[in-house]
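To start, the structure under review is shown below, and the notes come after it.
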There are 2 protein chains.
Amino acid sequence: MTVTLADVAARAQVSPATVSRVLNGNYPVAAATRERVLRAVDELDYVLNGPASALAAATSDLVGILVNDIADPFFGIMAGAIQGEIGGPGGRAGGERLAVVCNTGGSPERELTYLTLLQRQRAAAVVLTGGAVEDAPHAAAVAAKLRKLADAGTRVVLCGRPPAPDTDAVALTFDNRGGARALTAHLLGLGHRRLGYIAGPVERTTTRHRLEGHRAALAAAGVEEDPRWTVYGRYDRQSGYEATLELLRRDPSLTAIVAANDSVALGACAALRESGRRIPEDVSVAGFDDLPFSIDAVPSLTTVRLPLAEAGARAGRIAMGREEPPPGGIASVRGELMVRGSTGVPRAS
Amino acid sequence: MTVTLADVAARAQVSPATVSRVLNGNYPVAAATRERVLRAVDELDYVLNGPASALAAATSDLVGILVNDIADPFFGIMAGAIQGEIGGPGGRAGGERLAVVCNTGGSPERELTYLTLLQRQRAAAVVLTGGAVEDAPHAAAVAAKLRKLADAGTRVVLCGRPPAPDTDAVALTFDNRGGARALTAHLLGLGHRRLGYIAGPVERTTTRHRLEGHRAALAAAGVEEDPRWTVYGRYDRQSGYEATLELLRRDPSLTAIVAANDSVALGACAALRESGRRIPEDVSVAGFDDLPFSIDAVPSLTTVRLPLAEAGARAGRIAMGREEPPPGGIASVRGELMVRGSTGVPRAS
DNA sequence: CACCTTGTAGAAAGCGCTTGCTACACCGGA
DNA sequence: TCCGGTGTAGCAAGCGCTTTCTACAAGGTG
C-alpha cells in the first residue's frame with residue numbers, strides 16, 4: 001500500500017491533523033514537532049494524495065491553460081510564459097501548482113470539453129489563449145461555462161483573446177486591428193496599391209480583427225479593394241503557400257501580400273519564390289506576430305511584434321492573484337511594427 | 001452550493017449509487033432508469049467532482065506530458081501528437097482524460113517536482129519527452145521516481161528519450177546517433193573536410209548522441225577532428241548565431257557547419273550571411289529535426305527528419321494501453337536524411 | 001491563588017464519490 | 001408451490017485528507 005498521512009503521523013508520534021498542518025504550513029506548530037514530522041515524511045517517502053486533499057479542502061492546485069495549437073510557437077511561447085508565472089515548480093514556496101496545457105486544436109467542442117474537465121477538477125484558475133470562435137451558440141456556451149467556473153471560485157483570464165461579455169473574466173486582448181492597420185499603412189506608404197491578403201480561418205476573431213485593420217488602412221488611404229484580393233485559409237505555412245498561388249492566379253499584378261501570421265507569410269514567400277518572383281523587389285510580404293524564426297527568413301520578415309511572453313506572464317500572474325487585473329478587467333496589448341527586409345517599394349509597373 | 005451526486009439522485013428518485021453507475025457505465029442499469037438519471041444530470045447541470053471521484057476510485061484521469069521547452073515546436077509537435085491520442089476530448093466515449101503538458105524548462109529540479117506533482121495527483125500515465133539530463137544523482141532520482149510511479153500503477157513512457165535502466169518504463173528513442181552520422185557522412189561525401197559542430201547543452205543525452213554520431217562519421221572517413229571545431233550552446237537560434245561567430249573566429253576556413261538542431265542552424269545561417277558568406281557556396285549548413293520552418297529557410301535546410309508526430313502518437317497510445325509496447329520495452333525510431341539546398345560541394349580552397 | 005491568555009495538539013466530522021455486498025423482484029423449471 | 005437463477009437497485013463503508021472545535025499546559029496578571 002502507499003503511505004498515508006496516518007502512517008506519517010504514527011511514525012512521528014503525532015496526530016494526522018498535525019501532519020496535515022505541518023505540510024500546509026497554515027497553522028502554528030512547534031518547531032520540534034515540525035522537525036519530527038518532516039523527518040517522518042522523508043523517511044517514509046510520503047507523497048500527499050492530491051485528490052483527497054483537493055476533496056477535503058474543496059480546492060485544487062490545478063491551473064488550466066487552453067491553447068488552439070500547441071505545435072504553433074505562437075501558443076507555445078504564451079503557454080510557456082503563463083506556466084512560468086503559475087509557478088508549478090520553481091514558484092514561491094508552498095504554492096506549488098500544476099499548470100496544465102490543454103490543446104483544443106481550435107475545435108469549439110474540445111474547448112468546451114476541456115473547460116468541463118477543468119471544472120470537474122475544480123481548477124484554481126483557467127487561462128484561455130488565442131482567438132475565439134465566432135459562432136453565437138458556441139460563444140454563449142463558453143460564456144456560460146466561464147461564468148460557472150467563476151462562480152465556483154476559479155479565476156478566469158483571457159490572454160490574446162477578446163473579452164467575453166457577461167463574464168467577469170479578465171481579458172488581455174491583443175490589438176490585432178491596430179497592428180494590422182499599421183502594417184498595411186506601412187505598405188501603402190511605400191507606394192503599394194494592389195495588396196493581396198491571406199486571412200486565417202473565417203470564424204476566428206483574430207482573423208476578423210486583422211482583416212478589419214487591413215481594410216481600415218486601405219480605406220483611410222482611399223484605396224479601393226478588389227474582393228479577389230482576399231483569400232481565407234488556415235494559420236499554417238501550407239495554407240500560405242496555397243493561398244499565394246491562388247492570389248497570383250487571380251491577379252498576377254499584386255505587388256504586396258499581407259499574411260495572417262508569420263507562418264503563413266513563410267509559405268507565401270516560398271510560393272512567390274517558386275513562381276520566380278523576388279522579395280521584395282517584385283512582391284513585398286508581411287506577416288504578423290514576429291515569431292522567433294521570422295527574423296531568419298530571407299529576406300527577414302516585416303511583421304507586427306506581439307509581446308507574447310509578456311502578455312502570457314501577466315496573464316499568469318493575474319490568474320494567480322499576484323497582480324491586479326487591469327481596470328474594468330480589460331486591457332488591450334499593442335503590437336509593434338517591425339519593418340524588415342521583406343517589404344520595399346513596389347516595382348515600377 | 002454546487003450540485004452533488006446526491007442531488008441528482010434525489011431528482012431522479014434513485015440512490016446515489018445508481019447515479020454513479022450510470023455516469024461510469026460500468027454496471028448494468030435499466031434503460032428507463034438511466035434515462036431518468038441522465039435527464040436529471042442535464043437539468044441540474046451536474047458536473048462530477050473530479051477529486052472526490054479520484055479519491056474514491058483510487059485512480060485519476062490525468063495524464064502528464066513533460067517537455068523541456070514548450071515554446072520549441074520540437075516539443076510542441078510531440079506534445080500535440082501525444083495529447084491527440086490521449087484523447088482528452090475527442091477520444092472514445094467515457095474515457096475522457098485530461099492530458100496535461102508540463103514545461104520543465106530543461107531543469108532537473110522542475111522535472112522532479114513535476115513528477116512528484118503528478119504522483120500526487122495519482123496520474124494515470126506520464127510521458128517524458130526529449131533528451132534527459134546526464135547527471136548521475138539526478139538520473140537516479142528520476143529513475144527512483146519513475147519506479148515509484150510505476151508501482152503506483154502509473155504507466156510511464158519515454159518519447160524521444162533514452163531508456164531509463166532499472167525502470168520498466170517503455171522507451172521510444174530517437175536514433176540521434178545514426179541520424180547525425182548519416183548527416184555528417186553526407187557532408188563528407190560532398191567533399192567537406194573542415195566541419196564545425198555546434199552542439200547543444202553539454203549535459204543533455206541528445207547532445208552527446210548527436211555529437212557521437214558526427215564524430216563516428218568523421219572517424220569512419222578518416223578525418224581528423226580539430227577540437228576547436230566544436231562549440232557547445234543551447235538549442236535555440238541565438239545560440240547558433242553566437243556559436244557560429246565563435247567558430248569562424250577560431251577557424252575561418254571551415255566549409256561546413258553542422259548544428260545541433262534546426263533552430264541553431266537558422267542562427268548559424270544568419271551569422272554566416274552577416275559575415276558575408278554564401279550558403280552553400282562558401283559554407284554548407286545542416287540542421288537536425290526537420291521542423292516545419294526548415295524547408296522555408298533560404299536555402300532550404302539539409303537536416304534529419306525525426307518523425308515527431310508519429311512517435312508522439314505512438315507514445316500516447318502506449319500510455320493509454322491501446323498499443324502494445326515494443327518488445328523489450330525499447331524501440332529505436334530512425335530519422336531520415338533530408339538533403340536540401342543548404343549543403344553543397346565545398347568551395348575549391 | 002484563581003483566572004484568563006496564548007500556544008499547541010488531538011478528536012472527529014465530514015468532503016463527494018465508488019463499490020462490495022445485500023435485497024428484492026420476477027422468471028422459468030421442477 | 002418452491003427454488004435457484006438473473007437482472008436491478010440500495011446500503012453503507014470507506015477513500016485520505018482538512019478543519020472546526022475542544023483540550024490542555026504553560027505563563028502572565030490582579
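Just so it is clear: chains get the letters A, B, ... in the order the sequence lines come, proteins before strands, and each one is counted from 1.
Taking each heavy atom of Val3(A) and Leu44(A) in turn, the nearest pair found is CG2-O, 3.6 Å.
Mapping Ser15(B) and Val19(A) onto DNA chain D by nearest heavy atom places Ser15(B) at the nucleotide closer to the 5' end. If you find the closest nucleotide of DNA chain C to Ala52(A) and to Val29(A), the one lying nearer the 5' end belongs to Val29(A). Each of Tyr27(A) and Ser53(A) was matched to the nucleotide of DNA chain D holding its nearest heavy atom; the match closer to the 5' end belongs to Ser53(A).
Atom CG in Leu55(A) sits roughly 13 Å away from atom C1' in dA13(C) (whole-Å rounding).
Closest to the side chain of Ala30(A), out of dT18(D), dT19(C), dT8(C), is dT8(C). Listed candidates were dC15(D), dT18(D), dT8(C). Nearest to the side chain of Leu48(A) is dT18(D).
In terms of phosphate contacts, Asn24(B) brings no side-chain nitrogen or oxygen within less than 4.0 Å of OP1 or OP2 of dT19(C). Taking only side-chain nitrogens and oxygens, Asn49(B) never comes nearer than 4.0 Å to OP1 or OP2 of dC15(C). Side-chain nitrogen and oxygen atoms of Thr18(A) include none within less than 4.0 Å of the OP1 or OP2 phosphate oxygen of dA9(C).
In this structure, CG in Asn103(A) is found 12.0 Å from CD1 in Ile65(A), a value given to the nearest 0.5 Å.
Counting only distance, with no hydrogens or angles, the side chain of Arg155(B) and the backbone of Ala319(B) share a donor-acceptor pair below 3.5 Å.
For dG16(C), the base has no donor-acceptor partner in the side chain of Arg122(A) [N/O atoms by modelled type, under 3.5 angstrom].
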